[in-house]
Amino acid sequence: MTRINLSHNHAFQNPILPGFNPDPSIVRVGSDYFCVTSSFEYTPGAPIYHSTDLVRWRLIGHALTRPSQLVIKTVEPGGGVWATTIRHHDGVFYITTCCFDRYRPQLDDRVFPRGFYVRTSNIWDSSSWSDPIYFDLPGFDQDLFWDDDGTVYLSVTRRKVDRCSNSKLKDLAIHVSTIDLESGSSTSPALLIRESPTGISEGSHHFKRGNYYYLFTAEGGTEAEHCEWVMRSSTGPFGPYEVGPRNPLLRNTTMDEIQSTGHCDLLEDNQGRWWAVCLGVRPVQTKAGFKPSVFGRESFLMPVTWEDDWPVLNGNRPVALEFEDKDLYRLELPSKWLDKFDNNEMQLGWYRKNTPIKCDYVLDTKLSCLKLYGGPYDLSSRATPTLFLRKQTHRPVLWSTQLSFQPTSHRYEAGTVVWWNHDTYCSIGIRSTRNAQHLPYIRVRMPDGTTTEVPLTSTDADVELFIDCQLCSYRLGFRELVSSIQAEDEKDESTTWVAEVSTETMTREPRLGAPFTGMMLGLYAFGDMEKCLTPAVFKYASFT
């Protein structure tokens, strides 16, 4: 396990963007830093973070917020918006990406999308991002590069067209063409500039430093063999390229505290120092070995130096959870968070699965509550359920919410959920009996579809629902608020814990698709193939 002994207090801590935040891309504009990460099947898409020191980051908005930009319907886990890249040129911000509508790697069935970019001059206003400008070159991991003469290059990853018919490799390679930026149209044939012996070369980023054009690529896939490579050319983005002498630049092993590192993006700070961000996972180490990470792929920071005009990432050491650095500092991110639903808009950081086709919620600022009007799709549906999710960023941590719900049909349900994807989730909510009394009860659904039911003593009392996010498991429980005031010290004593599920079960591979995201906690309401006519009223949601 990689550890760095800190000899002084000047250190920064990884990850800089904890929880489900893969494929980081970063840019500096003056003294401001902006980072975007992939959002896959969740909307709003393309989250944007801001920092002034590379350590403390704040979510400031999203680039893809309306159906005219992005419509995600019934993609498999791991589909949707891939590998956003952010760039800034002549006062304009550009974010490039693509949306996978069909992604079934188990069947080698995927439709490579036409990528696109959106742009704005005001990154602080999420509504200011343009509608998409689409490219002609299908693929993913789009990147834009402006040369000194104004020529714009687009690089993407896609399968080689001319490949051996009996190839057992994915044959994903980097292709480049010049484009007309205003229309997105190609102005040159696509040239294959990098393929890997592993069959996977992706995540390309172009930079120019001094006399050289640099091409950075992620190779080997995004799991144990994930690593970062660099090449350079003295003539331009089309190459030819010289392969770097220290490749792979970055590779953490399955024995390191951070694993599967790669997909790097670089920048020069306002002090002339270079930095790289990358994705990685941080599993839990136990006596029996490493347990899967519930956070999915997160964003990490490392210093970059240059030797003989070649980059050196983190002194050729593995990325670690803590780094010595005289200019940065250690930041402990708070695990506590609270939403009282007392604003006119949902707090930043709430996400929906897919693109909602109609409004199914109301923020009641007078009563300080969120009212969900459940749609006809349950949580196992590939369609868009009435479901609001937040990323888990810490463990152990307690997720809780207060729910007022008196269902008038046994087909209605509302509650809270620990969510991996529509194949794997564990929910605890309120339903009612089939008889005319519609007596409410607690229903827990496990990832294998089995359920546990516990009667409630009151027909109209609010219920607090809890998900205890431990190191290696999740516990689900509830307590009835049968009186208007309950002492805080009664909370633990009156909680009924109904079920527990291991993190290994919760992070299992989907039947179709890929586990590219991380664990999320959320609020939901639905009717079985019909609209839920009874609103589910949530008084708060919190991590403590």
Side-chain angles (χ1 to χ4, degrees), residues 23 25 36 38-40 45-46 63-64 66-73 75 79-90 92-103 108-120 129-163 170-195 200-208 213 215-218 233 235-241 265:
D23 309 323
S25 177
V36 297
S38 296
S39 46
F40 292 94
L64 306 174
R66 57 186 186 270
S68 64
Q69 298 171 306
L70 177 69
V71 175
I72 301 174
K73 293 184 177 179
V75 298
V81 173
W82 281 35
T84 49
T85 293
I86 187 169
R87 294 293 179 255
H88 182 264
H89 184 76
D90 285 347
V92 179
F93 291 91
Y94 297 82
I95 288 181
T96 57
T97 189
C98 67
C99 182
F100 264 94
D101 293 318
R102 190 177 183 92
Y103 182 68
D108 197 19
D109 180 4
R110 69 199 85 190
V111 177
F112 290 102
R114 293 177 72 157
F116 61 88
Y117 75 80
V118 292
R119 63 187 175 191
T120 184
W129 289 92
S130 70
D131 282 347
I133 304 296
Y134 285 92
F135 303 126
D136 292 328
L137 190 57
F140 59 94
D141 292 4
Q142 286 77 10
D143 181 74
L144 290 176
F145 173 76
W146 286 259
D147 206 349
D148 296 337
D149 63 0
T151 304
V152 184
Y153 294 81
L154 169 69
S155 62
V156 305
T157 299
R158 64 167 171 83
R159 178 166 281 175
K160 294 161 52 180
V161 175
D162 299 318
R163 57 192 296 259
K170 292 184 178 180
D171 289 323
L172 299 177
I174 309 299
H175 298 73
V176 174
S177 69
T178 57
I179 66 167
D180 172 69
L181 189 62
E182 289 304 308
S183 65
S185 299
S186 298
T187 56
S188 72
L191 179 67
L192 191 158
I193 62 170
R194 170 64 184 172
E195 56 181 310
I200 303 176
S201 184
E202 57 188 339
S204 57
H205 290 308
H206 277 100
F207 301 92
K208 187 176 184 185
Y213 297 83
L215 172 66
F216 289 81
T217 60
S233 170
T235 57
F238 283 130
Y241 281 97
D265 198 10

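Asp143 and Ser204 share no donor-acceptor pair across their side chains, judged by distance under 3.5 Å alone. Of the N and O atoms on the side chains of Tyr213 and Asp147, at least one donor lies less than 3.5 Å from an acceptor on the other residue. With 3.5 Å as the limit, one finds no donor-acceptor pair spanning the side chains of Thr187 and Asp180. Side chain to side chain, Thr178 and Ser188 meet the donor-acceptor criterion of an N or O pair below 3.5 Å.
Contact between Arg159 and Leu172 at its shortest, heavy atoms only, is N-CD2, 3.8 Å. Across Glu195 and Ala173, no two heavy atoms sit closer than the pair CB-CB, 3.9 Å. The nearest pair of heavy atoms linking Pro237 to His206 is O-NE2, 3.8 Å. In terms of heavy-atom proximity, Gly45 sits nearest to Ser39 at CA-OG, 3.3 Å. Taking both residues in full, the closest heavy atoms of Ala83 and Asp141 are given as CB-OD1, 2.8 Å, listed atom of the first, atom of the second, then distance. Minimum interatomic distance between Ser25 and Asp265 (heavy atoms only, all atoms of both residues): OG-OD2, 2.7 Å.
Aromatic pair Trp129/Tyr94: centroids not less than 6.0 angstrom apart. For His205 and Phe216, the distance between ring centers is not under 6.0 angstrom. In summary, the aromatic rings of Trp82 and Tyr103 are positioned with their centroids under 6.0 Å apart.
Between Asp109 and Arg102 a salt bridge is recorded (basic side-chain N to carboxylate O distance below 4.0 Å). Between Glu202 and Lys170 no salt bridge is recorded (no basic side-chain N to carboxylate O distance below 4.0 Å).
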Practice item. Go through the steps to decide whether Phe145 and Phe207 satisfy the test ring-ring contact (aromatic ring centres under 6.0 Å, His included), and finish with yes or no. Key: CA-CA 7 Å; Phe145 173 76; Phe207 301 92; 8.2 Å; no
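Leu192 places a side-chain heavy atom less than 4.5 Å from the side chain of Lys160. A 4.5 Å side-chain heavy-atom check between Phe100 and Val75 finds every atom pair outside the cut-off. Residues Ile133 and Phe116 form no side-chain contact, since every pair of their non-hydrogen atoms from C-beta on lies 4.5 Å or further apart.
Note that CD1 of Ile193 is 9.0 Å distant from OG1 of Thr217, once rounded to the nearest 0.5 Å.
For Asp162, the CG atom counts as loosely surrounded, since its 6.0 Å shell holds 12 or fewer non-hydrogen atoms of other residues, nucleotides or ligands.
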